[in-house]
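Right, one structure below, let's go through it.
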Amino acid sequence: MRYTEEHEWLRLDGDIVTVGITAHAAEQLGDIVFVELPDPGDTVSKGDDLVTIESVKAASEITAPLDGEIVEANQAIVDEPGKVNEDPAGEGWFFRMKIADASALDGYMDEAAYNAMIG
């Protein structure tokens, strides 16, 4: 897995990247009560706002970590937003996207670097 400075995790499987938020981010947000996801088929560019998350503490946006096409959105977290708090690195994933260049992940942190960043 790779990690962004915005507390997203990225898991590559072939040319598909699954994206979610880290346990640290889920803890900082508090109880998540609403999630809005992108639509499959959407073509996105790195930095585009894709996901809206609302918690009891704040509202946040998740941006596209890479250029690509959304191939799947996790409807389960729309129906039950608390899944993000319960299992952020598992069942609480947000979306899957097809990317053209897996080397684009090289610029992101590994787990040790992410843990160092959050202290």
Side-chain angles (χ1 to χ4, degrees):
M1 291 214 313
R2 295 289 183 192
Y3 300 86
T4 72
E5 291 182 7
E6 292 77 27
H7 307 286
E8 298 167 359
W9 57 260
L10 314 171
R11 184 180 303 126
L12 181 64
D13 183 16
D15 62 353
I16 303 295
V17 173
T18 302
V19 179
I21 61 170
T22 65
H24 176 78
E27 289 169 18
Q28 296 298 311
L29 285 168
D31 292 335
I32 295 171
V33 296
F34 174 80
V35 178
E36 182 178 80
L37 298 173
D39 294 319
D42 287 354
T43 300
V44 300
S45 298
K46 182 178 178 177
D48 288 353
D49 287 341
L50 293 185
V51 175
T52 300
I53 303 169
E54 293 180 11
S55 72
V56 294
K57 292 182 180 179
S60 301
E61 299 289 329
I62 300 292
T63 60
L66 305 160
D67 296 341
E69 178 185 345
I70 304 300
V71 295
E72 186 177 0
N74 187 358
Q75 184 63 40
I77 65 169
V78 173
D79 298 338
E80 293 182 55
K83 286 183 182 285
V84 177
N85 295 108
E86 294 163 15
D87 191 11
E91 290 185 20
W93 60 273
F94 286 81
F95 59 88
R96 293 190 170 115
M97 62 189 302
K98 183 174 183 173
I99 59 171
D101 183 9
S103 70
L105 289 171
D106 294 345
Y108 290 111
M109 295 176 273
D110 62 15
E111 187 171 7
Y114 179 74
N115 287 334
M117 181 188 88
I118 62 174

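Going from atom CG of D101 over to atom CG of D15 covers 11.0 Å, rounded to the nearest 0.5 Å. A distance of 10.5 Å separates CG in D42 from CZ in F95, rounded to the nearest 0.5 Å. Separating the NE2 atom in H24 from the CE atom in M117 is a distance of 7.0 Å, to the nearest 0.5 Å. With values rounded to the nearest 0.5 angstrom, E5 atom CD is found 8.5 Å from H7 atom NE2.
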Could you pull out every donor-acceptor pair under 3.5 Å between side chains of residues 30-37 and any protein atom, sequence neighbours left out?
none

Would you tabulate the side-chain donor-acceptor contacts of residues 49-63 under 3.5 Å, counting partners in other chains and residues two or more places apart, or write 'none'?
residue	atom	partner	partner atom	Å
T52	OG1	E61	OE1	3.3
T52	OG1	E61	OE2	3.2
S55	OG	L29	O	2.6
S55	OG	K57	N	3.1
S55	OG	A58	N	3.1
S55	OG	A58	O	3.1

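Applying the side-chain contact (heavy atoms from CB on, under 4.5 Å) test to P88 and every residue at least two apart in sequence or in another chain returns A23, A26.
Residues T4 and Y114 fail the side-chain proximity criterion, which asks for heavy atoms closer than 4.5 Å. Contact annotation: the side chain of M97 approaches that of I70 to within less than 4.5 Å [non-hydrogen atoms, C-beta and beyond].
Here the side chain of R2 pairs no donor or acceptor atom with the backbone of L12 at under 3.5 angstrom. Judged by distance alone, the side chain of S45 and the main-chain N or O of D48 form no donor-acceptor pair under 3.5 Å. A donor-acceptor pair is defined here as one N or O able to donate and one able to accept, closer than 3.5 Å; no such pair exists between the side chain of D87 and the backbone of G92.
A continuous path of hydrophobic side-chain contacts links F94 to L66 [ILVMFWY only; heavy atoms under 4.5 Å]. Using a 4.5 Å cut-off between side-chain heavy atoms of Ile, Leu, Val, Met, Phe, Trp and Tyr, with links allowed through other members, L10 and W93 fall into different hydrophobic clusters. I21 and Y108 fall within a single hydrophobic cluster, where Ile, Leu, Val, Met, Phe, Trp and Tyr side chains are chained together by heavy-atom contacts under 4.5 Å. Under the 4.5 Å side-chain heavy-atom criterion for Ile, Leu, Val, Met, Phe, Trp and Tyr, V44 and L105 are members of the same hydrophobic cluster. Cluster annotation: V84 is not connected to W9 through the hydrophobic network of ILVMFWY side chains, with a link wherever side-chain heavy atoms come within less than 4.5 Å.
In E69, the CD atom is crowded: over 12 heavy atoms of neighbouring residues, nucleotides or ligands sit closer than 6.0 Å.
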